[in-house]
Each structure stands twice: as C-alpha cells, then as structure tokens.
Undergrad: 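Before I ask anything, here is the structure I am working with.
Hydrogens, waters and symmetry mates play no part in the numbers below; they use all other heavy atoms, side chains included.
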Amino acid sequence: MSPPSSDLPRDLPNAATLRVAAVQMVSTPRVDENLRSAARHIAEATAQGAQLVALPEYFAIMGMSDTDKVRVRENDGCGPIQDFLAASAREHGIWLIGGSLPLRADSPDKVLNSSVAYDPQGQRVARYDKIHLFGFRQGAESYDESATIEPGSQPVAFATSFGRVGLSICYDLRFPELYRALGVTELLVIPAAFTETTGRAHWEILLRARAIENQCYVLAVAQGGRHENGRETHGNSMLIDPWGEILDRKSKGPGIVIGDLQRERVAAVRSSLPALKHRVM
C-alpha cells in the first residue's frame with residue numbers, strides 16, 4: 001500500500017485530552033429521516049462535551065436493496081449529506097466523521113463507500129474510500145459489496161490537536177496490514193454495519209486486537225439493530241483504550257458511546273511495552 005494521505009496536512013498544538021463520541025444508529029431507507037436522527041445524537045454528544053463525534057457506516061441510508069444507495073450517491077464535495085456534515089461540524093464546533101456515505105464512482109451503477117472528516121470550522125480534512133469489500137455466504141444469508149461498490153486504494157489519516165486519526169470502514173477491520181500502513185496513530189475510527197452473525201463471533205475480538213497491536217485508542221461506531229430491509233446489524237459500539245480495555249459500549253439500538261482520550265495513557269502503554277519500536281518488518 002502507498003503511504004497514507006490526508007486532504008489537509010496540519011501543524012496543530014498538542015492537546016492532553018480529547019472527548020470523543022460514537023453515534024450508534026439503526027438507519028432507515030430514508031435519507032432525510034436518518035440525517036434528523038444523526039443531528040439529534042450529535043447534539044446529545046456535544047451537550048456531554050464531545051469534541052470529536054463519529055457516525056456509523058451507511059448512516060445516511062440503509063436501503064431496502066443494495067442499489068438504493070446508488071440512487072442517492074453524491075458528487076465529491078457536493079450534496080445534501082456532505083452539506084449536513086459540514087454544517088453540523090461548524091454549528092457545534094467539533095471534529096465530525098461521517099462514517100460512510102455513497103459518492104459517485106467511475107461505474108454508473110456503483111458508489112464509493114466513503115468516510116469523510118470535517119474540522120470544527122466545517123472544512124473537510126480527509127476522505128477515505130473503503131478498500132476491502134465484504135463478501136459472505138452462510139446458508140440463506142449472503143452479501144457481496146463488490147456488486148454495488150467500487151473499492152478505494154489509499155490509506156488515509158488526518159491530524160487533530162490530540163494526534164493522528166486513522167480511518168477505516170467495517171470489513172477493513174479484518175486486515176491488520178491496513179492499520180500498519182497508516183503509521184503511528186493515536187486514534188482509529190472504525191464505522192461499521194457488521195452483520196449480527198459475523199459481529200457476534202468476531203467484532204469485539206478484532207477491535208481489541210487493533211487497539212492492542214497499534215497501542216492506540218479505537219472508536220468503533222456501528223449500526224445496531226433490526227432494519228426495515230430485514231437485516232440485523234450487530235451494534236456493540238465501543239471505545240477501547242491502548243491496552244485493549246473497553247471504556248464504554250452500547251449493545252443495541254440508537255444512542256451514543258462517549259469517553260476521554262488521554263495522551264498520558266498512550267505514552268504510558270508505549271513506554272512500558274514499546275512494541276511499535278520492536279517491529280522488524
């Protein structure tokens with residue numbers, strides 16, 4: 001993989017702490033309804049002091065069919081979903097990560113499944129296009145994201161006053177080499193719509209592994225419940241510290257996970273067990 005990119009390199013002062021929140025949703029096929037729900041939860045999180053808020057994968061639409069998201073895809077940098085994110089970040093003065101939204105791809109019948117990040121002034125600072133596309137078949141349950149999604153190719157991280165934030169989406173979680181390609185980060189944000197089947201088996205294990213091996217915080221923000229299309233998503237949004245300890249979680253249903261990142265905690269873990277410095281590959 002090529003080195004990680006950011007839409008806007010930054011030279012920012014160091015902050016000792018950062019309060020972050022994950023918004024868990026059970027999104028519907030209706031974009032307007034989902035944006036209203038997201039707005040309520042963003043306001044709830046900021047009322048509790050959140051400085052960085054993340055939304056889940058497909059927060060703006062969980063369609064009745066996989067092709068529904070193609071019909072609402074937006075041009076990069078322009079559209080009601082992106083306008084909502086920029087305005088919300090600016091209104092609340094927060095870092096805001098739109099877990100994933102459908103952007104126009106080269107193919108007319110596909111989208112890029114993209115995570116976009118905005119700074120407290122409402123300026124976009126990063127865009128990540130999901131690289132690994134989910135495929136699964138077990139009995140009557142099957143998924144093939146490649147039918148409607150065009151994969152990305154570039155790892156993406158961006159700078160905040162607390163440290164570097166690495167972006168990934170859902171199925172990316174199973175590929176640790178992506179997180180190594182991001183370099184050293186203080187926070188990994190992982191929006192997802194994990195199925196109940198795979199989530200029950202692997203979600204927490206993989207999340208804690210990514211936190212432990214990268215010695216950083218992980219903010220996992222999920223869809224969590226039964227959707228109108230019949231799909232059940234696992235939920236279990238959580239905040240994990242660099243030692244792999246779960247600081248907060250929400251099992252099912254809409255709501256928020258919130259907690260404080262501490263620079264001293266990252267430094268202490270990396271000092272006592274300097275695994276990142278011990279790498280030989």
Undergrad: I'd like to know if the side chain of Arg137 reaches the main chain of Glu141, judged simply by a donor and an acceptor atom lying under 3.5 Å from each other, with no hydrogens or angles considered.
TA: no

Undergrad: Please report the closest heavy-atom contact between Ala211 and Ile240, naming both atoms and the distance.
TA: CB-CG2, 3.7 Å

Undergrad: Regarding Asp76 and Arg124, does a basic nitrogen lie under 4.0 Å from an acidic carboxylate oxygen?
TA: yes

Undergrad: Quick check against the 3.5 Å criterion: does Arg270 have a side-chain atom that pairs as donor or acceptor with the backbone of Pro242?
TA: no

Undergrad: Distance-only, no hydrogens or angles: does the Ser271 side chain make a donor-acceptor pair with backbone N or O of Ala267 under 3.5 Å?
TA: no

Undergrad: Shortest non-hydrogen contact from Met25 to Ala38?
TA: CE-N, 4.0 Å

Undergrad: Less than 6.0 angstrom from the centroid, inside 45 degrees of the normal: does Arg90 satisfy that with respect to the ring of Tyr118?
TA: no

Undergrad: Which label fits Tyr171 and Phe175: parallel for a plane angle under 30°, tilted from 30 to 60°, or perpendicular past 60°?
TA: perpendicular

Undergrad: Can you confirm whether the side chains of Ser37 and Asn34 place a donor and an acceptor under 3.5 Å from each other?
TA: no

Undergrad: To check you understand the geometry: which heavy-atom pair defines the closest contact between Ile81 and Pro102, and what is its length?
TA: CD1-CD, 4.4 Å

Undergrad: Could you tell me whether the side chain of Ser114 and the main chain of Ser100 form a donor-acceptor pair under 3.5 Å?
TA: no

Undergrad: Could you check whether any side-chain N or O of Glu57 sits under 3.5 Å from a backbone N or O of Ile169, counting only pairs where one atom can act as donor and the other as acceptor?
TA: no

Undergrad: Quick check: do Leu261 and Leu52 have side-chain heavy atoms less than 4.5 Å from each other?
TA: no

Undergrad: Quick one, Tyr179 and Ile190 - any side-chain contact, counting heavy atoms below 4.5 Å?
TA: yes

Undergrad: Using a 4.5 Å cut-off on heavy atoms from C-beta on, say whether the side chain of Phe59 contacts that of Leu85.
TA: yes

Undergrad: Would you say the side chain of Val31 lies within less than 4.5 Å of the side chain of Pro80, judging by non-hydrogen atoms?
TA: no

Undergrad: When you compare the side chains of Thr195 and Thr197, does any donor N or O come within less than 3.5 Å of an acceptor on the partner?
TA: no

Undergrad: When you measure from the side chain of Lys110 to the backbone of Pro151, do you find a donor-acceptor pair of N or O atoms at a distance under 3.5 Å?
TA: no

Undergrad: Is the side chain of Arg249 donor-acceptor paired with the backbone N or O of Asn236 at a distance under 3.5 Å, no angle test?
TA: no

Undergrad: Can you find a pair of side-chain heavy atoms, one from Leu55 and one from Pro191, that are under 4.5 Å apart?
TA: no

Undergrad: Answer with yes or no whether the hydrophobic clustering places Ile131 together with Val156; edges join I, L, V, M, F, W, Y residues whose side-chain heavy atoms lie under 4.5 Å apart.
TA: yes

Undergrad: Can you give me the closest heavy-atom contact between Trp203 and Ala222, atom names plus distance?
TA: CZ2-CB, 4.2 Å

Undergrad: Can you tell if the side chain of Arg226 reaches within under 4.5 Å of the side chain of Val26, non-hydrogen atoms only?
TA: no

Undergrad: Is there a donor-acceptor pair under 3.5 Å between the side chain of Gln82 and the backbone N or O of Leu103?
TA: no

Undergrad: Taking Asn113's backbone N and O only, do any of them form a donor-acceptor pair with Tyr58's side chain (distance below 3.5 Å, no angle check)?
TA: no

Undergrad: Please tell me if the side chains of Ile246 and Glu204 come closer than 4.5 Å, counting only heavy atoms from C-beta onward.
TA: yes

Undergrad: Please confirm whether the backbone N or O of Gly253 pairs with a side-chain atom of Gln24, one donor and one acceptor, at under 3.5 Å?
TA: yes

Undergrad: Should Tyr143 and Asp66 count as side-chain neighbours, where that means a heavy-atom distance under 4.5 Å?
TA: no

